[in-house]
Amino acid sequence: SSKTRTLENYESVKEKMPSYLIGSISHKLSIIPLTIEFDHSYLINGSHAYSVLSSIYKVDSNLFIKAGTSTNRFDQTINSSFGQNIFSDLGIGLVYKIEDIIVDINSYSYGTGGLVFAIGISVYY
């Protein structure tokens, strides 16, 4: 028989999940293999709203470049140089598909707040 020991118990915590109303518009350009998407999110029972503009460029059938930004960038800019503020709230990444495996390499800039790199691997079966 095995014994289980609980280190932390969070059962009694009642956390209210936020509710959002989200609208999206997507358009695939016919001239180049680029898809552009615009999303707008509104927090119900709150006053927070934000918009996201993103794109995916299809290099070939297995390689994609993606990029995006949002209106959160206005909360991340400070009184610093234009060069530092231009990269606030900017994400860019590469996606490579190998049959049922997707390798996703991304970066996200908080402007003067720092930079995040992430690698993801997804397997579809």
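Nothing here was measured: the structure is a model prediction, and the numbers come from that model.
For the residue pair Ile102 and Val95, the shortest heavy atom distance occurs at CG2-CG1, 3.6 Å.
No side-chain donor-acceptor contact under 3.5 Å links Ser54 to the backbone of Ala67.
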Let's go through Ser51 and Phe38 carefully: what are the C-alpha distance in whole Å and the side-chain angles of both, what is the deciding distance for side chain to side chain contact (heavy atoms under 4.5 Å, CB included) to 0.1 Å, and is it a yes or a no? CA-CA 7 Å; Ser51 298; Phe38 176 78; 3.6 Å; yes
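Taking 4.5 Å as the limit, every side-chain heavy atom of Ser55 sits out of range of all side-chain heavy atoms of Glu37. Side chains of Tyr57 and Pro33 form a contact here, defined as non-hydrogen atoms less than 4.5 Å apart.
Within 6.0 Å of the CG atom in Asp60, the count of heavy atoms belonging to other residues, nucleotides or ligands exceeds 12.
How far OH of Tyr96 is from CG of Leu63: 7.5 Å, rounded to the nearest 0.5 Å. Between atom CG of residue Leu90 and atom OG of residue Ser70 there is a gap of 10.0 Å, rounded to the nearest 0.5 Å. How far CD1 of Ile25 is from NE2 of His40: 11.0 Å, rounded to the nearest 0.5 Å. Residue Lys28 holds its NZ atom at 10.5 Å from CD1 of Ile56, rounded to the nearest 0.5 Å. In this structure, OH in Tyr108 is found 10.5 Å from CG in Leu115, a value given to the nearest 0.5 Å. To the nearest 0.5 angstrom, Ile92 atom CD1 is 9.5 Å from Asn106 atom CG.
Scored by the side-chain contact (heavy atoms from CB on, under 4.5 Å) test, Leu29 finds His27, Ile32, Leu34, Ile36 as partners (sequence neighbours excluded).
Other residues sharing a hydrophobic cluster with Ile22 under the 4.5 Å side-chain heavy-atom criterion for ILVMFWY residues are Tyr20, Leu43, Tyr50, Val52.
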